[in-house]
Amino acid sequence: MKGKFVSILSLGLALTAGKITAQEQTSNNQKMEWFQDAKLGIFIHWGIYSVDGISESWAFFNNYINHENYMKQLNGFSASQYKPAEWVNLIKDSGAKYAVITTKHHDGVSLWDSKAEKATTIPKNSLAKKDVLSPFISELKKSGLKTGLYYSLPDWSHPYYDVNTRTKKRYDIKSDFNRWQNFINYYQNQLTELSSQYKPDLLWFDGDWEHTSDEWQAPKTLENLRKFNPNIIINSRLNHHGDYETPEQGIPVIKPQSEYWELCYTMNDAWGYQPFDQNYKTSNMMVRTLADVISMGGNLLLDIGPKADGTIPEKQVEILKSLARWTSKNSDAIYGTRSGLPFENYKGKSAFSKDGKKLFIYLEEAKDFTKIYGLSSITTSAKILGDSNGKVDFKTDNNGNLTLNFSNVKFDKDVTVVELGFNEKIKFNPTVKKENYTLNQILEIKNTKSATYEIAEQLHGGNNIFNNSGLTNDGQEMKILKTTKTNPEIFSWISKHSEALFGTEKGLPNGHFPGNTALSKDRQTLYLFVEGTPTGPIALKGIKNGIARIRIVGEGSIIPHKVYNKLYWSEIPGIIYIDVPKERLDKNMTVIAVLLDKPIELYREKVGAIENNL
């Protein structure tokens, strides 16, 4: 009897624990909903580093400039043209739903009038002689946007902090723990000020790598923050105590494991204002990056770096206005969406509506058709967002493979969005069944674009239909069997592009390129099959290799490429953008050969915080 009672009691406790866990999960989901729905936020790095236009904090930490001279920038930080209402209007118009501003970077300079012990602040210590944080937060809250505050845990200028520069420490915590405790009191007092004065929706920590959770007293920090706002959202940079992942600079190749995540990303190579850094990504690249992030279910936190007088650089304004154009046109396909179809089902970018009854397809090129595989639900409608005259015809085969044909479509200059409607929450089969055409069947397809697409699909999947077919590596003297039904245009395309077809093998896994690919036998040449007319340079992610050269297959043109966001001290590859001249595009399908410095190596690891800035 006693054993039975113990068993019943144990079962009851287990059920109660399970119920509490479920309640906590529900509460967390509710707390995170606005964040997950937002999709776009604006990061603002503003501080004294904008005076000379040098790296924020890192300039003196790395001994590029001594600390005394770095801090002299306080005398030039005027904020004389600072108009916080204009900032907020620009941010809101861009389509962002929240903003995150640097209240204090690693240099320890606070934008607000902090009363914490030995704090260095803009109101007390700079030329501006005013609190520049409060008016911005006030305008932000009036606008209805969510408030995010960046706060650096390290303070390399504060006398109570142990680290000063890369080569210099003030003291060892173990030998002077009281001094460290004074620093803990300092930073937690600052967080109390920020929480009580500004009531943020989100706190964005940085620099946690310098100390352990115990040393930061992170649990106590979280407990204090939740006293002011039980629903405060914290990023992952409080020694992993936070609510969401924050990959930095490197666009993830594969979707992060966390349900909630945000890519923090610069427009050029710098976070704060640097006048000589003109390595800006184009507006087209930024819109496509946003679509990429949305398709993986994340948010884009896009950075701006105002000047010391409070004005925002023209190039940054231009990019924000380009985002405004696209987000206002395609709002239904942005806010509240969830990550889209697996790569096996659609080789491109896509997202589901929150109720799962709509599927959004993001097209980065103008083309006649696209294909989606393995849908178990019936498509009831299809349209182009923002283009009432565009026509989308759709047809599904017995395997649930859907073909979308486009006509009279005014393709967007950046990303065209197709909205597909369903009567139920969309179901799809990740195990795709495709018709494997023989070469003879492909040669008899009347539509050459459809035929070249099928060739690319077969090659990408590792089914090389040209093996033992009579194809030659240069496309000359081919012995491929022709019949009276052979489409001569297809035959000609095969001859022209034989290099990419002869003996090539299975293409890249998901995430690296939004389309079909193939690899040479030695895995040192990557072939990209480019459909239609791209709106901008085609993009490759997660390629560790150096690029020897890139050319257009079948006609010999060497074409340029540029790598963005490659940090020389990091193993994370940059994103490769390849310019394909429109006048050199093949009317049926263009093939690009990327010659690598050695057999291909792919980066598919997690992209995290950058803990270095040499």
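Numbering of residues begins at 1 and proceeds along the displayed sequence.
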If you apply the rule side-chain contact (heavy atoms from CB on, under 4.5 Å), what do you find for Trp46 with Trp87, and how did you get there? CA-CA 12 Å; Trp46 196 33; Trp87 281 22; 3.4 Å; yes

Going through the checks in order, is the side-chain hydrogen bond (donor to acceptor under 3.5 Å, both in side chains) test met by Glu245 and Tyr260? CA-CA 7 Å; Glu245 288 187 40; Tyr260 311 110; over 6 Å; no

For the ring pair Trp156 and Trp58, is the centre-to-centre distance below 6.0 Å? yes

Looking at Asp155 and Lys118, does any basic side-chain N land under 4.0 Å from a carboxylate oxygen? no

Heavy-atom count check: over 12 atoms from other residues, nucleotides or ligands less than 6.0 Å from Lys129 NZ? yes

Looking only at the side chains, is there a donor atom on one of Gln190 and Tyr151 sitting less than 3.5 Å from an acceptor on the other? yes

Please determine, by modelled atom types, if Tyr198 and Thr103 share a side-chain donor-acceptor pair under 3.5 angstrom. no

Quiz question: by atom type and distance under 3.5 Å, do the side chains of Lys562 and Asn279 form a donor-acceptor pair? yes

Scan side-chain atoms only and decide if Asp414 and Asn284 contain a donor-acceptor pair under the 3.5 Å cut-off. yes

Side chains of Glu193 and Ser114: do they bring a donor and an acceptor to under 3.5 Å? yes

Tell me yes or no: between the side chains of Ser157 and His67, is some donor less than 3.5 Å from an acceptor? yes

Which is it for Arg325 and Asp412 under the salt bridge (Lys or Arg N to Asp or Glu O under 4.0 Å) test, yes or no, and what are the steps along the way? CA-CA 11 Å; Arg325 181 200 68 81; Asp412 190 272; 2.9 Å; yes

With sequence neighbours left out, which residue pairs that include part of residues 209-235 fulfil the salt bridge (Lys or Arg N to Asp or Glu O under 4.0 Å) condition? none

Any side-chain heavy-atom pair of Leu145 and Ile91 under 4.5 Å: yes

Would you list the pairs meeting salt bridge (Lys or Arg N to Asp or Glu O under 4.0 Å) in which at least one residue belongs to residues 135-153, sequence neighbours left out? Glu139-Lys142

Going by an N to O cut-off under 4.0 Å, is there a salt bridge joining Asp37 and Lys354? yes

Pair Thr289, Asp292: side-chain N/O donor-acceptor within cut-off below 3.5 Å: no

So, for Trp34 and Tyr98, is the gap between ring centers shorter than 6.0 Å? yes

Looking just at side-chain N and O atoms, do Asn565 and Lys281 make a donor-acceptor pair shorter than 3.5 Å? yes

Is there a donor-acceptor contact under 3.5 Å linking the side chains of His106 and Ser152? yes

Tell me if the centroids of the rings in His211 and Tyr161 come within less than 6.0 Å of each other. yes

Decide yes or no for Met286 and Leu302: does some side-chain heavy atom of the first lie under 4.5 Å from some side-chain heavy atom of the second? yes

Check for a donor-acceptor pair, side chain of Lys92 on one end and backbone N or O of Ser143 on the other, with a separation under 3.5 Å. yes

Test of understanding: with ring-ring contact (aromatic ring centres under 6.0 Å, His included), list the residues that count as partners of Tyr564, not counting sequence neighbours. Tyr577

Among residues at least two apart in sequence or on other chains, which ones pass side chain to side chain donor-acceptor pair (under 3.5 Å) with Lys72? Asn69

His158-Tyr186 aromatic ring centre distance below 6.0 Å: yes

Nearest non-hydrogen partners of Ser110 and Pro123, listed with the distance: O-CD, 4.2 Å

With Lys104 as the cation and Tyr150 as the aromatic partner, state whether NZ or CZ is under 6.0 Å from the six-membered ring centre and within 45° of the axis. no

Please report the interatomic distance NZ(Lys349) to CG(Leu341), rounded to the nearest 0.5 Å. 15.0 Å

Within a radius of less than 6.0 Å around CD of Gln278, do more than 12 heavy atoms belonging to other residues, nucleotides or ligands occur? yes

Heavy-atom nearest pair, Met296 first then Ile254, reads SD-C, 3.9 Å

Are the side chain of Lys425 and the backbone of Asp355 linked by a donor-acceptor contact shorter than 3.5 Å? no

Would you check if the distance from the ring center of Tyr160 to the ring center of Trp180 is below 6.0 Å? no

Donor on one side chain, acceptor on other, Thr266 and Gln249, under 3.5 Å: yes

For His512, enumerate each residue passing the ring-ring contact (aromatic ring centres under 6.0 Å, His included) test, keeping only those at least two apart in sequence or located in another chain. none

Quick one: are the ring centres of Phe43 and Trp204 less than 6.0 Å apart? yes

State which residues pass side chain to side chain contact (heavy atoms under 4.5 Å, CB included) with Ser78; sequence neighbours excluded, sorted by chain then number. Ser80, Leu127, Asp309

Is the Tyr70-Phe60 ring centre distance short of 6.0 angstrom? yes

Would you say Asn185 and Gln181 are linked by a side-chain donor-acceptor pair, where the criterion is simply a distance under 3.5 Å? yes

